[in-house]
Amino acid sequence: GTDSYATVTDANGEEVFRYWMPDEEDKKTVQELQEKYPTAMPYFFTQDPDYVTVKERVAKNTVTGEEAEGVATIAIAVETLRVAEYLTPVLMEQLK
């Protein structure tokens, strides 16, 4: 789906924070994009502003050589996958 949320609770299990995606502003953008691109997968629409930002930063890096701020390099991506590969069996064991 296109909607997700996360909650943070305190030690007593009481909710102290909730984040929803998409928010009201994003819902308007999603509606506009659904009308413009009816055959596209809907999850792209909620992330459209982020995709635009990433593409702009990477394009700027290609032209100027400046670091693409906030965009993971291949080296960072590889290290992230190593961490995920390490953690998967550890977390799976904890879920038993």
Side-chain angles (χ1 to χ4, degrees):
T2 60
D3 295 356
S4 61
Y5 73 92
T7 58
V8 177
T9 58
D10 63 18
N12 298 320
E14 297 295 320
E15 184 176 307
V16 294
F17 177 78
R18 179 180 292 246
Y19 173 80
W20 285 91
M21 186 184 117
D23 60 19
E24 291 305 315
E25 182 179 329
D26 289 340
K27 286 180 182 180
K28 181 180 176 189
T29 302
V30 167
Q31 181 63 36
E32 292 169 358
L33 291 170
Q34 284 177 325
E35 291 169 6
K36 188 173 181 179
Y37 305 105
T39 60
M41 297 302 290
Y43 57 83
F44 288 122
F45 304 141
T46 57
Q47 298 174 28
D48 183 68
D50 296 326
Y51 291 143
V52 170
T53 299
V54 168
K55 289 188 282 186
E56 287 174 348
R57 289 178 182 178
V58 171
K60 183 177 179 182
N61 167 264
T62 303
V63 172
T64 67
E66 291 179 38
E67 180 181 340
E69 181 184 348
V71 178
T73 63
I74 295 298
I76 290 171
V78 168
E79 289 304 311
T80 302
L81 288 173
R82 285 188 179 134
V83 171
E85 288 175 348
Y86 168 78
L87 287 176
T88 297
V90 171
L91 295 173
M92 293 301 289
E93 185 63 29
Q94 290 180 9
L95 291 173
K96 291 182 180 178

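The model shown is predicted, which means the values in this text are computed figures rather than measured ones.
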Partner residues of Tyr19 under the ring-ring contact (aromatic ring centres under 6.0 Å, His included) criterion, sequence neighbours left out: none

Leu81 atom CG, neighbour heavy-atom count above 12 within 6.0 Å: yes

Exceeds 12 heavy-atom contacts within 6.0 angstrom, atom OH of Tyr51: yes

More than 12 heavy atoms from other groups under 6.0 Å of CD on Glu67: no

Exercise: identify the closest heavy-atom pair between Thr46 and Tyr43: OG1-O, 3.1 Å

Trp20 to Arg18 - nearest heavy-atom pair and separation: NE1-CD, 2.9 Å

Evaluation steps, side chain to side chain contact (heavy atoms under 4.5 Å, CB included), between Arg57 and Val54: CA-CA 5 Å; Arg57 289 178 182 178; Val54 168; 5.9 Å; no

Residue pairs fulfilling salt bridge (charged side-chain N to carboxylate O under 4.0 Å, His left out) with at least one residue in residues 25-42, sequence neighbours excluded: Glu24-Lys27

Backbone N/O of Glu14 and side chain of Asn12: donor-acceptor pair under 3.5 Å: no

Heavy-atom pair of closest approach, residues Leu33 and Phe45: CB-CD2, 3.4 Å

Shared hydrophobic cluster for Val63 and Val71 (ILVMFWY, side-chain gaps under 4.5 Å): no

Partner set under side chain to side chain donor-acceptor pair (under 3.5 Å) for Glu93, not counting sequence neighbours: Lys96

